[in-house]
Amino acid sequence: MDKIFINQLGFDCIIGIYARERIEPQPLLIDLEMACDIRPAAENNDLDASLNYAAISESVIGFCQQAQAELLETLAEQLWAHLKSEFGILGIRLTIHKPNAVPEAKSVGVSIVRGDFS
C-alpha cells in the first residue's frame, strides 16, 4: 500500500473542555499519513487519480475549525470519518498535536490508525 503524507499542518481552532479554551482559538498541528494506490496517478501524471494534499489540507483546516470539538479524541474520529467520506481514503495514521496544552511539554496529543493501513 502506498502512502501520501502531510506533516505538521498548522492552524488555530477552538478545541478543549475548559471555558477559556472555548473562547480563544489554540494552535493545532496535524500529521496525516494516508493509504492509497498511487499507480494510476503515476501512470498518467493525473492528479485526479491521486490524493490531492492541497485539497485535503484545506478540508482538514476547515473541518477542524467548524467542529469546535472538546476532546482531541473526538476530533480525530470525526476527522477520519470526514476524510474517508470526502476523499475515499483507504486508511489513515492521524496524529493531532496540541502544543500549548501542557506548558512543560512541547506538545500533547492523540494518534489513531484506521481503515486499511497495511
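Along the sequence shown, the residues carry numbers beginning at 1.
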Please report the shortest heavy-atom distance between [X] and [Y], naming the atom on each side.
{"X": "D12", "Y": "P25", "answer": "CB-CB, 4.0 Å"}
{"X": "K98", "Y": "G16", "answer": "NZ-CA, 3.9 Å"}
{"X": "S107", "Y": "H97", "answer": "OG-ND1, 3.3 Å"}

Seminar exercise, completed: Applied to residues 32-45, the salt bridge (charged side-chain N to carboxylate O under 4.0 Å, His left out) test, sequence neighbours excluded, yields E33-R93, D37-R39
Seminar exercise, completed: Connected to L29, directly or through other members, by ILVMFWY side-chain contacts below 4.5 Å are none
Problem set entry | Backbone N/O of I14 and side chain of E21: donor-acceptor pair under 3.5 Å |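 Not confirmed, E21 side chain does not pair with I14 backbone.
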Exercise. For the side chain of D31 and the backbone of Q8, is there at least one donor-acceptor N/O pair under 3.5 Å apart?
Worked result: yes
Pairs meeting criterion ring-ring contact (aromatic ring centres under 6.0 Å, His included) with involvement of [range], two or more places apart:
{"range": "residues 99-118", "value": "none"}
{"range": "residues 1-37", "value": "none"}
{"range": "residues 30-85", "value": "F63-H82"}

Problem set entry | Approximate separation, where rounding is to 0.5 Å, of L9 CG and T95 OG1 |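 It is 12.5 Å, given to the nearest 0.5 Å.
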Less than 3.5 Å apart, which donor and acceptor atoms pair up between the side chains of residues 68-77 and the rest of the protein, not counting sequence neighbours?
unit_1	atom_1	unit_2	atom_2	d
E77	OE2	R114	NE	3.1
E77	OE2	R114	NH2	2.4

